[in-house]
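Okay, so here's the structure we're looking at.
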Amino acid sequence: QVKLVESGGGLVQPGGSLRLSCAAPGLILDYYAIGWFRQAPGKEREGISCISARDDRDGNRYYAESVKGRFTVSRDNVKKTAYLQMNSLKPEDTAVYYCAAEFSLRPCTNDSEAYDYWGQGTQVTVSS
């Protein structure tokens, strides 16, 4: 069974930074778009960022307005790992963060229904 493994979550003060990693050792990551989602208590899951398999093309990254300018998504297909660099964190960023993989060479999507594999989630808490 394919597993995605997130890491890098934790407790950080407002204004701080964290980098989440999403390891996909069982996938040939070159063929997968990676999405990042989060879910806060009592709220629906939100698609916040994604990166297409063909990252060398224009328009192959997406950011929700809530994180644009603060979060950066990237990938290293050789290491079979994707990353979400989160800067200028705010208390409202507190949530469980998930990565997901979609077998697709199309531009990535923030629609969770499109994704084939999911990680277990990692908690991010932004608090003073």
Side-chain angles (χ1 to χ4, degrees):
Q1 185 175 1
V2 174
K3 290 179 63 176
L4 303 181
V5 181
E6 297 107 338
S7 61
L11 174 64
V12 63
Q13 292 186 342
S17 298
L18 286 173
R19 188 177 79 156
L20 304 184
S21 297
C22 174
L27 297 179
I28 301 175
L29 204 59
D30 307 60
Y31 298 106
Y32 287 83
I34 299 295
W36 287 95
F37 298 81
R38 68 185 182 187
Q39 188 165 21
K43 294 188 176 181
E44 293 187 354
R45 183 167 51 190
E46 175 189 13
I48 58 172
S49 183
C50 69
I51 183 168
S52 304
R54 294 185 172 179
D55 188 41
D56 56 329
R57 296 187 175 181
D58 292 340
N60 281 342
R61 301 186 186 191
Y62 161 83
Y63 298 97
E65 285 299 320
S66 57
V67 305
K68 194 174 292 184
R70 300 186 298 123
F71 291 11
T72 303
V73 64
S74 62
R75 61 191 296 149
D76 184 333
N77 290 344
V78 173
K79 294 183 178 179
K80 297 190 176 185
T81 303
Y83 305 95
L84 186 68
Q85 177 67 42
M86 306 187 297
N87 298 330
S88 302
L89 283 162
K90 305 174 181 179
E92 51 263 44
D93 293 319
T94 296
V96 178
Y97 284 69
Y98 301 89
C99 67
E102 179 198 8
F103 183 71
S104 173
L105 298 181
R106 298 171 300 178
C108 66
T109 176
N110 66 334
D111 179 2
S112 62
E113 295 296 321
Y115 287 84
D116 303 300
Y117 305 107
W118 289 80
Q120 81 287 355
T122 186
Q123 177 70 46
V124 171
T125 302
V126 185
S127 175
S128 56

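- The nearest pair of heavy atoms linking Ala33 to Cys108 is CB-CB, 4.0 Å.
- When side chains are defined from C-beta on, Ser7 does not count as touching Thr122, because their heavy atoms never get closer than 4.5 Å.
- Legend: ring-ring contact (aromatic ring centres under 6.0 Å, His included) pairs involving residues 107-128, not counting sequence neighbours, sorted by first then second residue: Phe37-Tyr115, Phe37-Trp118.
- Although no hydrogens or angles enter the test, the distance criterion places no donor-acceptor pair under 3.5 Å between the side chain of Arg106 and the main chain of Ala53.
- Considering Leu20, Val96, Leu11 as possible partners of Val124, the one that fulfils the side chain to side chain contact (heavy atoms under 4.5 Å, CB included) test is Leu20.
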Problem set entry | Gln85 and Val73: CA distance, side-chain angles, deciding distance, side-chain contact (heavy atoms from CB on, under 4.5 Å) verdict | CA-CA 6 Å; Gln85 177 67 42; Val73 64; over 6 Å; no
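- When atom types are taken as modelled, the side chain of Thr94 and the backbone of Thr125 share no donor-acceptor pair closer than 3.5 angstrom.
- When each of Tyr62, Tyr63, Trp36 is tested with Asn110 by the rule side-chain hydrogen bond (donor to acceptor under 3.5 Å, both in side chains), just one qualifies, namely Tyr62.
- Taking Glu46 as the reference, Arg38, Ser66 meet the side-chain hydrogen bond (donor to acceptor under 3.5 Å, both in side chains) condition, with sequence neighbours excluded.
- Atoms CD and CD, on Glu102 and Glu113 in that order, are 11.5 Å from each other to the nearest 0.5 Å.
- The two atoms that bring Leu4 and Ala24 nearest to each other are CD2-CB, 3.4 Å, heavy atoms only.
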Problem set entry | Trace of the side-chain contact (heavy atoms from CB on, under 4.5 Å) decision for Arg54 with Asn60 | CA-CA 7 Å; Arg54 294 185 172 179; Asn60 281 342; 4.2 Å; yes
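- In this structure, Asn77 contributes its side chain and Lys80 its backbone to no donor-acceptor pair below 3.5 Å.
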Exercise. Would Gln120 and Glu6 count as a side-chain contact (heavy atoms from CB on, under 4.5 Å) if you check the C-alpha gap in whole Å, the side-chain angles of each, and the deciding distance to 0.1 Å?
Worked result: CA-CA 7 Å; Gln120 81 287 355; Glu6 297 107 338; 3.0 Å; yes
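- Within a 6.0 Å radius of CD in Glu44, other residues, nucleotides and ligands contribute 12 heavy atoms or fewer.
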For this session: Apply the test side-chain contact (heavy atoms from CB on, under 4.5 Å) to residues Thr81 and Arg75: give CA-CA distance (whole Å), side-chain angles for both, the deciding distance (0.1 Å), then the verdict.
Result: CA-CA 6 Å; Thr81 303; Arg75 61 191 296 149; over 6 Å; no
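- Residues in residues 13-26 take part in these side chain to side chain donor-acceptor pair (under 3.5 Å) pairs, two or more places apart or across chains: Ser17-Asn87.
- Screening residues 70-96 for ring-ring contact (aromatic ring centres under 6.0 Å, His included), with sequence neighbours left out, gives no hits.
- Atom SG of Cys50 is separated from atom CD1 of Ile34 by 10.0 Å, given to the nearest 0.5 angstrom.
- The ring-ring contact (aromatic ring centres under 6.0 Å, His included) test applied to Tyr97 returns no partner, not counting sequence neighbours.
- Exactly one residue among Asp116, Leu27, Ile28 makes a side chain to side chain contact (heavy atoms under 4.5 Å, CB included) with Phe103. That residue is Asp116.
- Smallest separation of non-hydrogen atoms from Arg45 and Ser112: NH2-OG, 3.6 Å.
- If you chain together hydrophobic residues whose side chains sit under 4.5 Å apart, Tyr98 and Ile51 never meet in one group.
- With a 4.5 Å cut-off on side-chain heavy atoms, Pro91 and Pro14 count as touching.
- By the salt bridge (Lys or Arg N to Asp or Glu O under 4.0 Å) test, Lys68 is found to be paired with Glu65, residues two or more places apart in sequence or in another chain being considered.
- If you take OG on Ser88 and CG on Asp93, they are separated by 9.5 Å, rounding to the nearest 0.5 Å.
- Linking Ile, Leu, Val, Met, Phe, Trp and Tyr whenever their side-chain heavy atoms come within less than 4.5 Å leaves Val5 and Leu84 in two separate clusters.
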